[in-house]
Structure formats: C-alpha cells, structure tokens
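Every number for a ligand or one of its atoms is a count from 1 in the order of the listing. The first residue in the sequence is number 1, and the count goes up from there.
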Amino acid sequence: MDRPRRLRQSPAIRRLVAETRLHAADLILPVFVREGASAPLPISSMPGVVQHSLDSLRAAVAEAAELGLGGIMLFGVPEHKDAIGSGATDPDGILNVATRVAVAEAGDALVVQTDLCLDEFTDHGHCGVLDSRGRVDNDASLERYREMGLAQAEAGSQLLGLSGMMDGQVGAVRDALDDGGFADTPILGYSAKYASAFYGPFREAVQSSLVGDRRSYQQDPANRREGTRELLLDIDEGADILMVKPAMSYLDVLADAAALSPVPVWAYQVSGEYAMIEAAAANGWIDRERAVHESLISITRAGADAVLTYYAAEVARALR
Ligand code: PBG
C-alpha cells in the first residue's frame with residue numbers, strides 16, 4: 001500500500017521533508033512613520049502595530065537589521081494634505097525624511113523601500129490627482145509619480161514600491177529615474193493589486209481621508225486573467241520585482257505570477273489579514289502562533305519569493 005504517513009510520523013522526518021520554509025531574509029516589515037509624533041502611537045485596528053516617531057523608527061530599523069529581515073517598507077503619515085499630495089515630493093515631507101533616517105540607520109543590513117503612492121498625501125485620499133470632474137486622472141497622476149520617484153530616490157530609497165495602480169506607472173517612473181541619474185534604483189511594481197476590503201485597517205494606520213473606493217483603478221477581485229495582464233505589462237515596462245496584493249485571498253494570482261515571471265514575485269499580507277488573525281486569536285478562536293506561521297507558509301508555498309508582513313519581526317524572532 002502507498003503510505004504517505006511514513007513521512008509524517010515524527011517531528012524530525014516532517015522537518016526533513018518540508019517543501020517550504022520561512023527565512024527572516026525573505027520577510028519585509030511595513031513601517032508607518034507619523035509626522036510630528038514624539039512617541040509611537042498605537043493603531044487600534046492593528047494591535048501591536050504603531051505609527052512611529054522618527055526616534056522609534058530608528059529603533060525599529062535597528063531591530064529589523066538585527067533580526068536579519070530582508071527589508072522594511074516605509075509609509076508616511078503627513079500632518080497636512082492637499083489636492084496634489086505636495087508632501088510626497090517635498091524633500092522635507094515625512095516619507096522622504098523618514099527614508100533618510102532609515103537609510104542612515106540600516107547601513108548595508110537591509111533594503112529600505114518606500115511606498116510610491118499619493119494617497120497618504122492627498123486630501124481626497126485617492127492614489128492620483130483628480131480632473132475637473134473629480135475623476136482620478138491617470139496621465140496627470142503619472143507626472144506626480146515621476147516627481148515622487150525622483151524625490152524618493154534622492155532621499156536614498158533603495159527600492160520604490162509603486163502601489164498606485166495607474167496605467168503606465170512603472171514605465172513613467174523608470175524613465176524619470178533613468179533621466180535623473182538613478183538608473184540603478186530598482187522598481188517594485190504592485191502589479192496585481194485588487195480593490196480589497198482587507199485594506200480596511202491600513203486606512204486607519206495612515207489616517208486616510210478617502211471617501212468612496214478605488215475600484216476605477218485597483219482590480220476587481222473577480223478577475224484572475226486580468227492579474228496576468230497587469231503582471232506582463234509591468235515586466236514589459238521594466239519592473240525589477242512584481243507584487244501580488246492582498247496575499248491570502250489571491251493565492252491563485254500569486255501562483256500564476258510565480259509561474260510566468262522572470263523577475264522575483266512578492267506578496268503583501270495586508271492589514272486586514274493581520275487584523276483577522278489578531279481578532280480571532282484575541283477571542284481564543286484560533287492558535288495565534290500557528291495561524292501566523294500557516295498564513296505565511298501558504299503565501300510562500302503559492303510562490304512568493306518574499307512577503308511583506310506586519311509579523312516580520314515577530315516571525316524572525318521565532319525562527320531563531
Ligand atoms: C496605497 C497602499 C495601500 C496599502 C498599501 N499601499 C492602501 C490602498 O491601496 O488602499 C494597503 C496595505 C495594507 O492594507 O496593509 N498607498
């Protein structure tokens with residue numbers, strides 16, 4: 001009789017035949033930095049995650065480096081917002097200041113990455129600028145992304161994470177970087193990014209002013225084939241790394257990406273995925289540590305080469 005159970009009978013044999021493992025070097029910690037904060041501030045819908053001050057950011061970067069994480073992804077929470085998201089391109093805007101601080105602290109230990117999107121900086125909360133009728137204007141937004149890409153590269157960002165879902169964004173920012181003397185700055189395309197309810201807690205984390213939704217630019221959760229189209233476009237436009245987001249509800253899209261991509265494929269375990277595990281665990285309904293591990297091993301098994309996760313530091317500590 002064929003007996004697969006032979007390879008499951010002890011922890012030692014199970015460990016030996018495990019097909020997938022987690023490594024600290026494959027984990028990237030998203031980090032929120034709030035302008036004007038003098039101490040870290042909790043985010044109620046994401047227990048254990050904070051908006052950092054510049055001082056606590058330094059400590060978080062040092063800890064991430066010490067734990068051997070692959071990188072951090074920075075998000076800025078500005079004090080003032082306007083229609084074009086001026087804070088995003090201001091060298092003294094919070095995200096660019098935080099980038100300089102993080103790069104100085106990180107040295108060569110990990111890759112400091114930045115979210116390249118206007119939504120944290122616009123008073124209407126959209127990922128682009130609006131036209132006279134209030135719709136998100138794709139090509140006018142690309143102009144802002146070019147400027148934002150240059151501002152981030154100048155601040156020292158080592159990987160630009162383009163999460164705005166405007167058509168042509170990777171190509172536009174690539175051109176701007178190449179023309180601006182930053183041919184060596186790589187681009188992470190949030191290629192297949194879906195209009196997801198699982199971003200809910202993130203909106204609190206960055207104090208988003210969004211009214212309405214992002215369905216005219218982020219993808220419809222119903223569409224798998226369209227994910228492939230977006231991934232291929234980003235490869236064509238010169239993305240160095242592709243991303244699928246959210247992770248756990250889109251493992252089919254992630255597996256497609258892993259199969260077709262000649263460049264690394266990452267996944268983002270987003271705020272709502274984190275919040276669901278935390279809420280269920282707080283109620284005693286699931287075993288927290290096992291659920292965290294299983295969620296990340298599933299994302300890795302589906303084909304992610306690296307994962308952005310709010311659990312990055314905790315998991316790296318547990319892996320020691
Ligand atoms: C856009 C951006 C979002 C997230 C990362 N980048 C929000 C959105 O698209 O609405 C969500 C991340 C998360 O939920 O953890 N700047």
Does a side chain donor of either [X] or [Y] reach within less than 3.5 Å of an acceptor in the other side chain?
X	Y	value
Glu226	Tyr194	no
Ser295	Gln269	yes
Ser44	Glu204	yes
Glu147	Thr89	no

Can you name the residues that form a side chain to side chain contact (heavy atoms under 4.5 Å, CB included) with Ala59, not counting sequence neighbours? none

With nothing but distance in play, are any N or O atoms of Gln269 less than 3.5 Å from an N or O of ligand 1? no

With nothing but distance in play, are any N or O atoms of Tyr190 less than 3.5 Å from an N or O of ligand 1? no

For [atom], what's the nearest protein heavy-atom neighbour? Residue, atom name and distance, please.
atom	answer
atom 6 (N) of ligand 1	Lys245 NZ, 3.0 Å
atom 2 (C) of ligand 1	Lys193 NZ, 3.2 Å
atom 8 (C) of ligand 1	Arg214 NE, 3.4 Å
atom 12 (C) of ligand 1	Phe202 CD1, 3.3 Å

When you look at OH of Tyr190, are more than 12 heavy atoms from neighbouring residues, nucleotides or ligands closer to it than 6.0 Å? yes

For [X] and ligand 1, answer yes if some heavy atom of the residue is under 4.0 Å from a ligand atom, otherwise no.
X	result
Phe75	yes
Glu120	yes
Arg203	yes

Would a hydrophobic clustering, with Ile, Leu, Val, Met, Phe, Trp and Tyr connected at side-chain separations under 4.5 Å, put Ile297 with Tyr310? yes

In this structure, would Leu95 and Val50 fall into the same cluster of hydrophobic residues linked by side-chain contacts under 4.5 Å? no

Using a 4.0 Å heavy-atom cut-off, which part of [X] comes near ligand 1: side chain, backbone, both, or neither?
X	result
Ser271	both
Tyr274	neither
Asp115	side chain
Asp119	side chain

Using a 4.0 Å cut-off to any heavy atom of [X], which atoms of ligand 1 qualify?
X	value
Tyr268	12 (C), 15 (O)
Tyr310	12 (C), 13 (C), 15 (O)
Cys117	1 (C), 16 (N)

Distance-only criterion, 3.5 Å: show the donor-acceptor pairs between side-chain atoms of residues 60-81 and protein atoms not counting sequence neighbours.
| residue | atom | partner | partner atom | Å |
| --- | --- | --- | --- | --- |
| Glu63 | OE2 | Arg317 | NH2 | 2.6 |
| Glu66 | OE2 | Arg320 | NH2 | 3.3 |
| Lys81 | NZ | Gln207 | O | 2.7 |
| Lys81 | NZ | Ser209 | OG | 3.3 |

Evaluation steps, side-chain contact (heavy atoms from CB on, under 4.5 Å), between Lys245 and Tyr199: CA-CA 10 Å; Lys245 178 184 177 184; Tyr199 305 146; 3.7 Å; yes

